[in-house]
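When a ligand or atom number is given, it counts from 1 through the structure's own listing order.
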Amino acid sequence: MTEKDQAKSQKHKRAMEKQKTKVDKRIAEASTERGVLILLTGNGKGKSSSAFGMVMRALGYGHKVGVVQFIKGAQLSGEEIYLKDLAAKQPGQVVFHQMGTGFTWDTQDREKDIAAAEATWAVVEPMLKDASYNLVVLDELTYMLAYKYLDEAQVLNALAERPVEQSVVVTGRGGAALQDLADTVSEVKEIKHAFKAGIKARKGVDY
Ligand code: ATP
Ligand code: MG
C-alpha cells in the first residue's frame, strides 16, 4: 500500500468510527417500543413492492400479516398468486383480500366504486382492531381517500386506534391526509421509468 493509500484508509476508518458513534447514539436513544404507521407515496416505482418486502420480513418471523389491496388491476400480480396460495395453506398467518368488483382504472361507475371501497374497508376495520395482526398492508388506500370513496375521519380514526404493537403500511400516490398520523413517510421519486422508454411491464418485476 502506498503512503497515499494508507492515509486514505486511515481517513475512511476515522469517518466510519465517527458514523458508528452517531448511529449507536441514535439507536440507544430510540427506546419506544410500538408498531408504526408507514406511508409509501410518490410517483416512482417501488411503493407496493416495498410493502411486500415488509410482508416477507414479517412472515420470516412468523408474524401474522393482513394484506388488503384497494385496486384490482386488470392484470393478475405475482403477489396475488403467492399470497392467495399462502393464505389458503396458512390462514392463521396471512389473510389476503382484494377489492373484488368495482374500482379499476377503467371503471366509470362512482356508485359501484364507493360500494366496493366500503365493502373492502369492512374487511380492514376488524384487522385494525385485532392485535393478533402484527402487520397490515393497505395497498393503494390513498386513492380511496383522494376520490372520497371512504370517509377520511373514519379511516384516520381506525388507524389511530389500532393495537399498539400493530404496524400498518399504506401505499399509493398522494396520501397527504395520512402524513400527520404516519410515523414514517417515504416518497418514491421517479427519476426515470422503463415504461416511458417503451419497455413493456415485466412479469415478476412490475406485476
Ligand atoms: P410497484 O408495485 O412496482 O412497487 P408502485 O406501487 O410504486 O409500483 P403504482 O402506482 O402502484 O406503483 O403502479 C403499479 C404499476 O405501475 C407497476 O407495474 C409499476 O411498475 C408501474 N409504475 C409505477 N410507477 C410508474 C411510473 N412512474 N411510470 C410508469 N409505470 C409505473
Ligand atoms: Mg402500488
Have a look at E140 and say which of its N, O or S atoms is nearest the Mg ion (ligand 2).
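The Mg ion (ligand 2) is closest to the E140 atom OE2, counting only N, O or S.
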Are K84 and F96 in a cation-pi setup, meaning NZ or CZ lies under 6.0 angstrom from the ring centre and within 45 degrees of the ring axis?
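Pair K84/F96 does not count as cation-pi.
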Qualifying residue for side-chain contact (heavy atoms from CB on, under 4.5 Å) with E17, from K13, Q19, K20:
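The option that passes is K13.
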Tell me which one of V185, T184, L181 satisfies side-chain contact (heavy atoms from CB on, under 4.5 Å) with L37.
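One option only clears the test, and that one is L181.
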With a 4.0 Å cut-off, would you call E190 and K196 a salt bridge?
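K196 and E190: salt-bridged.
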Step by step, work out the side-chain contact (heavy atoms from CB on, under 4.5 Å) result for V168 and Q166.
CA-CA 7 Å; V168 176; Q166 185 182 86; 3.9 Å; yes
Taking 2.8 Å as the cut-off, does an N/O/S atom of D139 lie below it from the Mg ion (ligand 2)?
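It does not; every qualifying atom lies at 2.8 Å or beyond.
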Would you say T171 reaches the Mg ion (ligand 2) with an N/O/S atom under 2.8 Å?
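No N, O or S atom of T171 is closer than 2.8 Å to the Mg ion (ligand 2), so no.
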When you look at CD of E33, are more than 12 heavy atoms from neighbouring residues, nucleotides or ligands closer to it than 6.0 Å?
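No, not enclosed.
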For D5, I'd like to know if atom CG has over 12 heavy atoms of other residues, nucleotides or ligands within 6.0 Å.
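Yes, enclosed.
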Please give the N or O to N or O pairs under 3.5 Å between ligand 1 and the protein, distances rounded to 0.1 Å.
unit_1, atom_1, unit_2, atom_2, d
ligand 1, 3 (O), K45, NZ, 2.4
ligand 1, 4 (O), G46, N, 3.3
ligand 1, 4 (O), K47, N, 3.3
ligand 1, 4 (O), S48, N, 3.4
ligand 1, 4 (O), S49, N, 2.9
ligand 1, 4 (O), S49, OG, 2.4
ligand 1, 6 (O), S48, N, 2.9
ligand 1, 6 (O), S48, OG, 2.9
ligand 1, 7 (O), G44, O, 3.3
ligand 1, 7 (O), G46, N, 2.8
ligand 1, 7 (O), K47, N, 2.7
ligand 1, 7 (O), K47, NZ, 2.8
ligand 1, 11 (O), E140, OE2, 2.9
ligand 1, 12 (O), K47, NZ, 3.3
ligand 1, 18 (O), D206, O, 2.7
ligand 1, 20 (O), D206, OD1, 2.6
ligand 1, 27 (N), N43, O, 2.9
ligand 1, 27 (N), E190, OE1, 2.5
ligand 1, 30 (N), H193, NE2, 3.4

